[in-house]
Amino acid sequence: MQVYEGAVDRGLEGVIACTTGISSIVDATLSYRGYTIEDLAANSSFEETVFLLWNNRLPKKEELAKLNADFGREVALEPDLISALKVLPTDVHPMAWLRTAVSTMGLWDADANDMSDEANHRKAIRLSAKMATLVATFCRLRAGKDLVAPKADKSIAWNFLYMLNGSEPSTDMVKVFDTCLLLHADHELNCSAFSTRVVASSLSDMHSAIVSGIGALKGPLHGGANEQVMRTLKEIGSEDNISAWLDTALAEKRKIMGFGHRVYKNGDPRAKILRSMSKEMTEASSEPQWFKMSTILDKEMEERKGLLPNVDFYSASVYYAMGIPLDIFTPIFAVSRVTGWIAHILEQYSKNRIYRPRGQWDGKVNQTYTPIESR
Ligand code: COA
């Protein structure tokens with residue numbers, strides 16, 4: 001039997017699976033299309049960054065205006081889709097609901113099976129514009145509240161907060177949320193982006209690939225960690241309990257959510273930006289203890305395990321201070337990351353070869369069939 005060199009059960013660590021020009025991680029520097037995340041977070045907007053991810057350059061004024069107008073035209077859900085969504089149960093995890101909602105949305109998309117560049121662009125706009133609307137729709141249906149129609153001339157960040165809360169958000173709140181979306185938009189060959197590329201590589205359609213991305217993001221080792229971070233902070237309860245709580249958790253070999261990273265060993269640059277956003281947001285809220293607790297846990301984890309916070313750690317307290325329900329933290333990740341997934345799907349289509357790796361055989365050999373009566 002052939003034995004393959006480097007057969008792994010190690011999560012493809014260190015394996016280069018494709019070339020990509022979307023985002024890069026070099027040491028502790030994350031760049032989208034060659035622009036550092038710090039530069040973009042300080043100067044750009046989510047929509048402008050989406051243009052960059054999809055077009056490999058920053059937009060001119062009129063190009064950004066057109067993208068905003070395209071999103072505005074597509075941000076509302078069609079009545080048929082809303083009727084279908086109302087039938088779905090809401091006592092489920094929001095990511096499971098979102099996965100089904102996006103799949104359902106594909107059934108109404110006239111371009112669903114059209115793989116032309118034009119149709120893919122139209123689907124990219126629809127999926128990106130509607131993801132926030134879907135998440136807000138879930139929240140309102142679950143709470144038994146009337147749906148709030150989005151406004152076509154507002155940004156995705158503004159509309160999400162508006163539809164979620166039913167009141168116009170403050171400029172400061174929109175700015176913070178917009179930066180969160182920008183920070184989460186893409187991240188090289190992470191688990192969900194890889195998943196979307198694998199599905200796209202069979203030349204399946206964009207909705208199918210995005211549904212696989214949502215499924216991958218849902219897991220607690222990936223996007224699901226941000227929700228678990230806030231649950232951890234609540235479980236600990238107060239700063240006095242951190243040390244003893246950590247003694248027990250580490251002795252039980254628990255994974256502490258929001259720490260560690262496969263690629264960054266010297267810190268996740270997004271966590272640094274989110275840390276100052278968390279300080280600002282929590283100190284302005286009625287529960288400033290979450291930032292203080294986060295910094296103590298951060299310090300203890302570095303001292304005891306040499307592990308640094310990742311993107312999910314400080315984003316949790318930012319979202320919490322904004323009054324967003326805990327189980328909506330990961331769906332928010334999807335609201336942003338759908339744009340990165342789309343960039344990956346389009347890149348995959350543009351130079352496609354189907355993903356088909358091999359598995360190193362690790363099972364029985366030379367078995368002979370015995371009839372069921374003789375077993
Ligand atoms: N808490 C406690 N220990 C951790 C840890 C964490 N968050 N992250 C890694 N470790 C430990 C592992 O237990 C392992 O220790 P060991 O060698 O003694 O067994 C070692 O560090 C290496 O971790 P490993 O799980 O092999 O790293 P990975 O590259 O496979 O996984 C993550 C990376 C991100 C999945 C992992 O760090 C993790 O599970 N973090 C928590 C979930 C999370 O925040 N995910 C969001 C990622 S952006």
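Numbers here simply count residues along the sequence, with the first being 1. Order of listing sets the numbers, starting from 1, for every ligand and every atom in it. It should be emphasised that the depicted structure is a prediction, and the values quoted were computed from it without experimental measurement.
Nearest to atom 42 (C) of ligand 1 among the protein's heavy atoms is Met257 SD, 3.6 Å. Among protein heavy atoms, atom 35 (C) of ligand 1 sits closest to Leu221 O, 4.0 Å. With respect to atom 41 (C) of ligand 1, the closest heavy atom belonging to the protein is Phe259 O, 3.4 Å. Scanning the protein heavy atoms around atom 29 (O) of ligand 1, the nearest turns out to be Arg262 NE, 2.7 Å. At the top of the distance list for atom 34 (C) of ligand 1, counting protein heavy atoms only, stands Gly260 O, 3.7 Å.
Between Lys66 and Glu63, every side-chain heavy-atom pair lies at or beyond the 4.5 Å cut-off. Taking the side chain as every heavy atom from C-beta outward, Glu78 and Met105 never approach each other to under 4.5 Å. Contact of the Glu74 side chain with the Asp70 side chain is not registered, since no non-hydrogen atoms from C-beta on lie closer than 4.5 Å. At least one side-chain heavy atom of Met131 sits under 4.5 Å from a side-chain heavy atom of Ile214. Using a 4.5 Å cut-off on side-chain heavy atoms (C-beta onward), Leu346 and Met206 make contact. Annotation: side chain of Phe313 is in contact with side chain of Ser294 (closest heavy-atom distance under 4.5 Å).
Looking at Asn310 next to ligand 1, an N or O pair under 3.5 Å apart turns up. At a 3.5 angstrom cut-off on N or O pairs, Ile256 counts as close to ligand 1. Backbone and side-chain nitrogen or oxygen atoms of Leu307 are examined, and none is located within less than 3.5 angstrom of a nitrogen or oxygen of ligand 1. Between Asp312 and ligand 1, no pair of N/O atoms sits closer than 3.5 Å. At least one N/O-N/O distance between Lys255 and ligand 1 falls below 3.5 Å. Residue Leu250 places no N or O, backbone or side chain, under 3.5 Å from any N or O of ligand 1.
Protein heavy atoms come within 4.0 Å of atom 3 (N) of ligand 1. In this structure, atom 22 (C) of ligand 1 has its sub-4.0 angstrom surroundings free of protein heavy atoms. Within the 4.0 angstrom cut-off, atom 15 (O) of ligand 1 has no protein heavy-atom neighbours. Less than 4.0 angstrom separates atom 46 (C) of ligand 1 from at least one non-hydrogen atom of the protein. There is no protein heavy atom less than 4.0 angstrom from atom 27 (O) of ligand 1. Note that atom 31 (O) of ligand 1 has no protein non-hydrogen atoms nearby, at separations under 4.0 angstrom. Within the 4.0 Å cut-off (strictly below), a protein heavy atom is located near atom 7 (N) of ligand 1. The protein does not reach atom 19 (O) of ligand 1 closely, with no heavy atom under 4.0 angstrom from it.
Neither the backbone nor the side chain of Asp268 has a heavy atom within less than 4.0 Å of ligand 1.
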Check the pair Lys130, Asp109 against salt bridge (Lys or Arg N to Asp or Glu O under 4.0 Å), reporting the backbone distance first and the verdict last. CA-CA 12 Å; Lys130 290 189 195 326; Asp109 197 312; over 6 Å; no
Could you walk me through whether Arg197 and Glu188 pass the salt bridge (Lys or Arg N to Asp or Glu O under 4.0 Å) check? CA-CA 12 Å; Arg197 289 187 83 120; Glu188 204 223 48; over 6 Å; no
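The pair Lys154-Glu168 fails the salt-bridge criterion, with no side-chain N (NZ, NE, NH1 or NH2) lying under 4.0 Å from an Asp/Glu carboxylate O. Salt bridge annotation for Asp111-Lys123: absent, with no cationic side-chain nitrogen under 4.0 angstrom from a carboxylate oxygen.
Contact between Arg254 and ligand 1 is present, with at least one heavy atom of the residue lying under 4.0 Å from the ligand.
Compare Gly11, Ala249, Gly258 by their heavy atoms: the one nearest to atom 44 (O) of ligand 1 is in Gly258.
With ring centers used as reference points, Phe333 lies 6.0 Å or more from His187.
Shown are Asp91, Thr137, Asp327; of these, the side chain to side chain donor-acceptor pair (under 3.5 Å) with Arg142 is made only by Asp327.
Hydrophobic clustering keeps Phe194 apart from Tyr32 (ILVMFWY residues linked when any side-chain heavy atoms are closer than 4.5 Å, directly or through intermediates).
Near His222, meaning under 4.0 Å from any of its heavy atoms, are these atoms of ligand 1: 46 (C). Every atom of ligand 1 is numbered from 1 in the order shown, and the set under 4.0 Å from a heavy atom of Ala225 is 43 (C), 44 (O), 45 (N), 46 (C).
Note that Arg375 lies in the cation-pi zone of Tyr369, set by a 6.0 Å cut-off to the ring centre and a 45° limit from the axis.
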